[in-house]
Amino acid sequence: MADKVRLRIAPSPTGDPHVGTAYMALFNRAFAHHRGGKFVLRIEDTDQTRYNPSSVQEILDSLRWLGLLPDEGPGLGGDYGPYVQTERRDLYLKSAHELVERGHAYRCFCTRERLEALRQEQAARREPPRYDRHCRDLSGEEIASNLAESKPYTIRLKVPDEGHTTFRDLIRGDITFENKELQDPILLKSDGLPVYHLAVVVDDHYMEISHVVRAEEWISSTPLHVMLYRFFGWDVPLFAHMPLLRNSDRSKISKRKNNTSLKWYREQGYLPEAMINFLALMGWSMPDGSEIFGYADVEREFTFERVTTSGPVFDLVKLTSINGKYIRALSDDELFERLLPYLPEEMDKERARKVAPVLKDRLTRLGEFVELTGFFFGPVPQYPADLLVPKKGTPSDAARALEQVKGLLESLKQPWTHEDWESGMRVIADNLGLKAGDLFMILRVAVTGSKVSPPLYESMEILGRDEVLSRVDHALELARKAS
RNA sequence: GGCGCGUUCGUCUAGAGGCCCAGGACAUCUCCCUUUCAAGGAGAAGAUCAGGGGUUCGAAUCCCCUACGCGCUACCA
């Protein structure tokens with residue numbers, strides 16, 4: 001066994017970059033780098049029907065965003081390329097035929113129609129669907145004549161019908177399958193492209209992958225892979241099957257029941273470091289029990305012994321909570337910088353810079369900033385007059401209060417801070433028989449258009465005297481009309 | 001159906017025979033702080049460790065059975 005440590009992720013470019021890809025990238029990369037090895041990206045695009053051309057770039061973009069870029073891969077260089085499977089087809093073709101020559105595989109001329117009919121018969125008889133090995137023992141003449149007629153064929157593995165295959169999983173221990181349970185799977189499709197099982201083994205061998213770390217869903221096909229390694233006469237890598245991320249109903253995580261696109265998380269304003277932290281908590285834990293930690297910690301501490309065997313539910317609520325913690329840990333300047341990509345072009349950036357710190361404790365995603373701060377950047381949103389009315393009061397109470405507040409604010413010159421007007425406000429409240437809180441609430445609604453807002457003092461200071469006064473005027477008018 | 005992998009608070013998990021009548025985090029609830037909402041602080045509630053058998057002086061931890069969940073069972077990956 002080569003002493004080099006090389007790990008890989010092998011996503012299919014079939015759609016949006018998947019959260020599961022990030023999950024696997026995290027642990028593969030952390031382990032590889034922990035051991036001073038390499039982390040490789042390989043694109044498994046042998047299914048042309050599901051191929052999506054923009055996908056490779058998006059996978060790369062997402063990995064870069066998360067800080068999980070591979071050392072080798074398409075567009076990244078490396079000595080084991082090409083890193084895209086369709087560019088390696090000759091290798092699979094050659095390998096498959098090599099297996100045929102050695103008697104471990106055979107050409108299958110069965111048509112899809114025959115296979116389909118077979119499946120239906122089996123279903124009708126309530127038998128498990130499996131290939132009947134129709135072409136396994138074709139005579140030399142039959143094969144030759146089929147070939148002469150250029151009948152399309154696939155190549156199938158000749159699975160021994162005796163014995164069993166065992167492999168060691170670094171997370172789960174030894175796993176054994178009876179060979180007779182395996183069908184003769186197709187290795188090479190009739191279009192000459194390999195099926196996953198062939199491609200993954202050939203590539204992992206030639207790319208000198210030392211540890212195959214992938215999702216649990218691959219356990220069932222691992223004996224097949226092990227068989228291939230042996231038939232080829234290659235060293236078998238080490239395997240580790242990570243638990244499968246789940247929907248809340250415990251089924252395998254899916255687009256229908258979860259946001260699986262990394263693009264979505266980025267657009268929503270989840271911080272990459274929060275994403276990593278959350279993903280690392282799925283099926284793994286720090287030896288010291290800490291729950292807020294970064295990629296460097298994972299890289300330093302990762303071991304397969306600490307990986308859980310049961311599939312964790314992907315809980316957006318917890319992710320969001322972690323995200324909030326990371327946002328709060330940002331300095332004001334950092335927060336503003338991070339916010340920039342989420343702000344509309346026409347937004348006043350200097351004002352946004354002042355607003356950001358005020359929002360820090362209230363933001364759970366960067367993408368929330370705009371909706372939470374609209375009143376800072378445009379007119380107050382429409383609100384009904386009775387929003388201004390104190391709990392046990394009337395519209396005319398509100399109007400009276402606003403008149404006095406207006407007078408107070410007008411008497412102040414710029415620049416102004418809340419120290420300038422706060423005591424005056426309390427006097428007004430006293431005079432009107434209002435609680436200070438009630439009066440502040442009237443002002444809050446006048447200034448922000450809502451009973452729920454960022455802190456009043458800071459908001460007013462950012463808005464400035466003139467803007468606040470005009471909003472108070474507007475509120476006063478509203479209250480008077482309603483009186 | 002067959003095969004495989006799993007099963008500790010609602011969720012993520014700690015736990016590798018006695019430290020556990022099970023600890024932490026998120027969520028929930030209460031209180032404090034407070035001009036709202038948050039944030040922060042302090043508490044509460046929440047798991048007969050899936051169930052049943054063993055092994056052992058002693059089991060969440062080891063073994064067996066059952067149940068349940070999930071995965072695979074494609075010329076998808």
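Given the structure is predicted, the values throughout are model-derived calculations rather than measurements. Protein chains get the first letters and strands the later ones, always in sequence-line order, with residue 1 at the start of each.
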Note to self: Just to be sure I understand the rule, does S190(A) reach a base, reach only the sugar-phosphate, or reach nothing, if contact means heavy atoms closer than 4.0 Å?
What the structure shows: base
Note to self: When the P atoms of A47(B) and A22(B) are compared, how many Å lie between them, rounded to an integer?
What the structure shows: 10 Å
Note to self: Over all strands shown, is Y457(A) touching base, sugar-phosphate only, or nothing at heavy-atom distances under 4.0 angstrom?
What the structure shows: base
Next item on the list: Between A44(B) and C37(B), how far apart are the P atoms? Round to whole Å, please.
Entry: 25 Å
Note to self: Need one value for K325(A): base, sugar-phosphate or nothing, where a base atom within 4.0 Å counts as base even if backbone is also close, heavy atoms only.
What the structure shows: sugar-phosphate
Checklist line | E162(A) vs K180(A), salt bridge (charged side-chain N to carboxylate O under 4.0 Å, His left out): CA-CA, chis, key distance, verdict | finding: CA-CA 6 Å; E162(A) 302 275 295; K180(A) 65 177 190 304; over 6 Å; no
Checklist line | Separation of the C1' atoms in G52(B) and C12(B), to the nearest angstrom | finding: 29 Å
Checklist line | Covered region of RNA chain B, 5' end to 3' end, by chain A [heavy atoms, under 4.0 Å] | finding: G1(B) to A77(B)
Margin query: Does R246(A) reach a base, just sugar-phosphate, or nothing at all? Heavy atoms under 4.0 Å.
Written below: sugar-phosphate
Margin query: Any base atoms under 4.0 Å from S453(A), or only sugar-phosphate, or nothing? Heavy atoms, all strands.
Written below: base
Note to self: Within this structure, what is the CE-NZ distance for the pair M441(A) and K435(A), rounded to the nearest 0.5 Å?
What the structure shows: 12.5 Å
Check: Taking the six-membered ring for Trp, is the centroid-to-centroid distance between F302(A) and F304(A) below 6.0 Å?
Finding: yes
Notebook entry, point to check: For RNA chain B, whose closest nucleotide is more 5', that of C110(A) or that of M286(A)?
Noted result: M286(A)
Check: Which nucleotide, in any strand shown, forms a Watson-Crick or G-U wobble pair with A59(B), with both distances under 3.5 Å?
Finding: none
Check: Which is true for P11(A) with a 4.0 Å heavy-atom rule: it touches a base, it touches only sugar-phosphate, or it touches nothing?
Finding: nothing
Notebook entry, point to check: When you compare G10(B) with C29(B), how far apart are their C1' atoms, in angstrom units rounded to a whole number?
Noted result: 14 Å
Margin query: Rounding to an integer number of angstrom, what distance separates U55(B) and C19(B) when you compare their C1' atoms?
Written below: 23 Å
Margin query: For G1(B), give the paired nucleotide (Watson-Crick: N1-N3 plus N6-O4 or O6-N4; G-U: N1-O2 and O6-N3; both under 3.5 Å), or none.
Written below: U73(B)
Next item on the list: Classify the nucleic acid contact of S251(A) as base, sugar-phosphate or nothing, counting any heavy atom under 4.0 Å across all strands shown.
Entry: sugar-phosphate
Check: Counting any heavy atom closer than 4.0 Å, what does R172(A) reach on the DNA or RNA strands: base, sugar-phosphate only, or nothing?
Finding: sugar-phosphate
Check: If you look at every strand shown and take non-hydrogen atoms under 4.0 Å, does R214(A) touch a base, only sugar-phosphate, or nothing?
Finding: nothing
Check: Under 4.0 angstrom, heavy atoms only, what part of the nucleic acid is F177(A) near: base, sugar-phosphate, or nothing?
Finding: sugar-phosphate
Check: With a non-hydrogen cut-off below 4.0 angstrom, is I219(A) in contact with a base, only sugar-phosphate, or nothing?
Finding: sugar-phosphate
Checklist line | Whole-Å C1' distance, C64(B) and U56(B) | finding: 16 Å
Check: Any chance the rings of Y342(A) and F369(A) have centres within less than 6.0 Å?
Finding: no
Item checked: Rounded P spacing from G51(B) to A67(B) in Å -> 16 Å
Next item on the list: Check whether the side chains of T222(A) and H241(A) place a donor and an acceptor atom closer than 3.5 Å, and report yes or no.
Entry: yes
Notebook entry, point to check: Looking across every strand, which nucleic acid part, if any, lies under 4.0 Å from E181(A) by heavy atom: base, sugar-phosphate, or nothing?
Noted result: sugar-phosphate
Notebook entry, point to check: Do F278(A) and F314(A) have ring centres separated by under 6.0 Å?
Noted result: yes
Item checked: side-chain hydrogen bond (donor to acceptor under 3.5 Å, both in side chains) evaluation trace for R112(A) with T154(A) -> CA-CA 11 Å; R112(A) 288 171 200 264; T154(A) 61; over 6 Å; no
Margin query: Before you tell me yes or no, could you show the steps for R400(A) and E403(A) under salt bridge (charged side-chain N to carboxylate O under 4.0 Å, His left out), namely the whole-Å CA-CA distance, both residues' side-chain angles and the distance that decides it to 0.1 Å?
Written below: CA-CA 5 Å; R400(A) 246 191 315 281; E403(A) 270 166 39; over 6 Å; no
Next item on the list: Would you classify Q183(A) as touching base, sugar-phosphate or nothing, given that sugar-phosphate means primed atoms plus P, OP1 and OP2, and contacts are heavy atoms under 4.0 Å?
Entry: sugar-phosphate
Item checked: Atom C1', compared across U28(B) and G17(B): separation rounded to whole Å -> 35 Å
Margin query: Nearest heavy atom decides the nucleotide; on that basis, is R328(A) or W284(A) closer to the 5' end of RNA chain B?
Written below: W284(A)
Notebook entry, point to check: Is the centre of the W421(A) ring less than 6.0 Å from the centre of the Y457(A) ring?
Noted result: yes
Check: Does U7(B) pair with anything, Watson-Crick or G-U wobble, both distances under 3.5 Å, and if so, with which nucleotide?
Finding: A67(B)
Check: Paired with C33(B) by Watson-Crick or G-U wobble geometry, both distances under 3.5 Å: which nucleotide is it?
Finding: none
Check: Checking all strands, does R126(A) fall into the base, sugar-phosphate, or nothing category for heavy-atom contacts under 4.0 angstrom?
Finding: nothing
Margin query: Strictly by Watson-Crick or wobble contacts shorter than 3.5 Å, is anything paired with C19(B), and which nucleotide is it?
Written below: none
